Structures are given as structure tokens and as C-alpha cells.
Amino acid sequence: SQKIEQNSEALNIQEGKTATLTCNYTNYSPAYLQWYRQDPGRGPVFLLLIRENEKEKRKERLKVTFDTTLKQSLFHITASQPADSATYLCALSSGNTGKLIFGQGTTLQVKP
Amino acid sequence: GAGVSQTPSNKVTEKGKYVELRCDPISGHTALYWYRQSLGQGPEFLIYFQGTGAADDSGLPNDRFFAVRPEGSVSTLKIQRTERGDSAVYLCASSSSRVSNTEAFFGQGTRLTVV
């Protein structure tokens with residue numbers, strides 16, 4: 001069955017450092033991969049989308065890579081700030097439907 | 001409204017009761033999704049509407065769960081004979097595209113507690 005794995009343990013880093021979050025998947029060939037941010041008590045908020053034929057995507061301090069051979073995506077936040085503290089979710093889709101399959105999320109804590 | 005609106009924000013019900021959860025999507029969005037999220041987990045897909053019809057209901061756990069979107073806008077998720085295991089946050093999302101090459105906008109969720 002399809003499986004998506006994100007770091008289950010919280011990631012704690014110092015302000016100003018680069019945070020790197022991992023999303024691995026098996027038994028799936030996604031056409032798109034999305035990253036969302038979720039704060040406690042709130043719904044997920046879209047951050048970035050990357051297509052299967054794209055290796056890398058950037059938006060301000062965010063960078064996403066997508067390696068369909070390794071079946072892995074890396075999500076980077078450079079110059080991290082305490083306000084970046086949240087849970088980050090990766091989501092995959094096949095492209096012919098709106099259905100997203102989410103990982104369990106990784107909680108990031110940026111300390112001042 | 002400016003975003004996806006879900007009501008109520010919180011719902012406490014007794015085991016065996018019937019509940020309805022409402023979702024008001026972003027105006028003009030044809031795609032609407034329901035997800036369920038348990039503590040410490042990512043959202044789990046339930047059902048997807050394109051317009052008025054359910055295009056994919058493969059995530060509904062059993063026949064106690066049903067959803068409608070009669071006019072292609074507001075949607076209602078209905079749960080019959082609620083069980084304690086139904087306790088979770090139910091999230092609604094909408095999108096302007098019928099395929100997942102664009103972002104989904106989520107509501108704040110309805111926290112359902114079955115006691």
C-alpha cells in the first residue's frame with residue numbers, strides 16, 4: 001500500500017540555521033508534491049508545489065527538492081525564525097484527481 | 001467569504017447520535033474535499049466533490065459516513081450512529097482546479113468529540 005513517511009520526531013534548531021525536513025514515499029508515483037504548514041488548532045496552509053519533472057523549487061526562504069528516483073522530497077527553511085515553528089506536512093497526488101495523500105507531519109521548533 | 005468556513009468549530013455528542021458538519025468553500029471553487037485528522041497524524045482523505053457530484057468517496061470509512069453538496073457550493077458531512085473512534089478534527093478544503101496541480105485552501109476544522 002502507499003506509504004508516506006516524515007520525521008516523526010520534532011526537529012529543534014537554533015534561530016538563523018537552516019531547517020531540513022524529509023518526506024519519503026513508497027508504492028506511489030506522484031505527479032505533484034505539495035508542502036503545507038499547520039499551526040495548532042488551525043487548518044493546513046499551502047506553501048509550495050513541485051511537479052515530478054522539476055528537481056527544485058524556491059520561494060523566498062523556502063526550497064523544495066523532489067527526487068523521483070529516491071522517492072524523496074526535502075524541504076528547507078533558510079535563516080529560520082521562531083515564527084517558523086509549526087508542523088510541516090508533505091502531500092502527494094497522482095495528478096488526475098484532487099485527492100491528496102498526507103504524511104504525518106514533522107514539528108519544527110526554532111529557538112531564539 | 002474570504003476563506004473556507006466550517007461550522008461548528010467544536011461539537012461534542014453522545015455515542016450513537018447523529019451529527020452534521022458544514023463547510024462553506026471559497027466562492028467559485030468547484031472542487032471540495034473532506035479530510036479527517038487525528039492527533040499527531042496528517043489529514044486523511046475522506047471524499048472529494050467536483051461540482052455537485054462526489055468524484056471520489058473512497059476514503060469514507062463505512063456507511064455511517066455520508067456527504068452531500070446539492071448546489072455545488074456548501075457541503076455537509078453527515079455521521080450516523082457516532083462512535084468514540086469518530087472523534088477527530090474534520091477538515092474541509094476547496095480548490096479552483098479539479099486536479100491537484102494547484103493549492104488547496106483549508107478551513108480551520110471542526111473538532112468532533114464523541115463521549
Side-chain angles (χ1 to χ4, degrees), chain A residues 1-10 21 23-25 28-54 57 59 62 64 66 73 75 86-107, chain B residues 2-7 9-10 21 23-26 29-51 53-60 69 75 88-111:
Chain A
S1 61
Q2 299 161 351
K3 194 173 181 182
I4 302 169
E5 287 190 354
Q6 297 185 248
N7 315 62
S8 57
E9 293 186 8
L21 285 67
C23 176
N24 294 294
Y25 60 93
Y28 200 55
S29 297
Y32 304 98
L33 188 148
Q34 302 185 25
W35 282 88
Y36 286 79
R37 169 184 173 140
Q38 188 172 27
D39 291 283
R42 310 295 295 269
V45 175
F46 172 82
L47 296 174
L48 280 169
L49 176 148
I50 188 165
R51 293 171 170 74
E52 61 177 337
N53 59 354
E54 296 178 314
K57 201 90 172 269
K59 179 182 176 183
L62 308 180
V64 171
F66 192 10
S73 175
F75 178 78
T87 295
Y88 291 85
L89 298 157
C90 73
L92 309 181
S93 65
S94 63
N96 58 1
T97 171
K99 175 180 174 180
L100 292 172
I101 301 174
F102 282 88
Q104 77 272 34
T106 297
T107 298
Chain B
V4 177
S5 176
Q6 292 187 247
T7 54
S9 299
N10 285 282
L21 311 179
C23 172
D24 210 328
I26 292 173
H29 279 189
T30 56
L32 184 146
Y33 317 84
W34 284 98
Y35 289 84
R36 177 169 70 175
Q37 187 172 28
S38 301
L39 193 63
Q41 300 298 314
E44 175 190 7
F45 172 79
L46 295 177
I47 187 169
Y48 156 53
F49 286 91
Q50 181 59 40
D56 184 348
D57 64 357
S58 61
L60 294 178
R69 194 186 185 199
S75 176
V89 175
Y90 289 80
L91 293 164
C92 176
S94 70
S95 173
S96 60
S97 172
R98 65 184 185 92
V99 293
S100 52
N101 60 353
T102 187
E103 64 184 287
F105 294 83
F106 282 83
Q108 84 284 4
T110 293
R111 182 176 297 279

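Throughout, a chain's letter reflects where its sequence line sits, starting with A, and its residues are numbered from 1. Quantities reported herein were computed from a predicted structural model and do not represent experimental measurements.
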**Item:** Results of salt bridge (Lys or Arg N to Asp or Glu O under 4.0 Å) for A:K59 - residues two or more places apart only
**Value:** none

**Request:** List in chain and number order the residues that pass salt bridge (Lys or Arg N to Asp or Glu O under 4.0 Å) with B:D56, two or more places apart in sequence or in another chain; answer none if no residue qualifies.
**Result:** none

Chain A heavy atoms under 4.5 Å from [X]: which part of the residue, side chain, backbone, both or neither?
{"X": "B:S58", "value": "side chain"}
{"X": "B:F105", "value": "neither"}
{"X": "B:A104", "value": "both"}
{"X": "B:Q6", "value": "neither"}

**Prompt:** Any chance CZ of B:R111 has more than 12 other-residue heavy atoms, nucleotides or ligands included, within less than 6.0 Å?
**Reply:** no

**Item:** Max heavy-atom pair count under 4.5 Å with chain A, selected residue of B:P43, B:S38, B:G42, B:G109
**Value:** B:P43

Could you give the distance from [atom1] ([X]) to [atom2] ([Y]), rounded to the nearest 0.5 Å?
{"X": "B:I47", "Y": "A:K99", "atom1": "CD1", "atom2": "NZ", "answer": "11.5 Å"}
{"X": "B:E103", "Y": "A:L48", "atom1": "CD", "atom2": "CG", "answer": "10.5 Å"}
{"X": "B:Q41", "Y": "A:Q104", "atom1": "CD", "atom2": "CD", "answer": "6.5 Å"}

**Message:** Please classify the contact of A:Q38 with chain B as side chain, backbone, both or neither, using a heavy-atom distance under 4.5 Å.
**Reply:** side chain

**Item:** Distance-minimising heavy-atom pair for B:L91 and A:G43
**Value:** CD2-CA, 4.1 Å

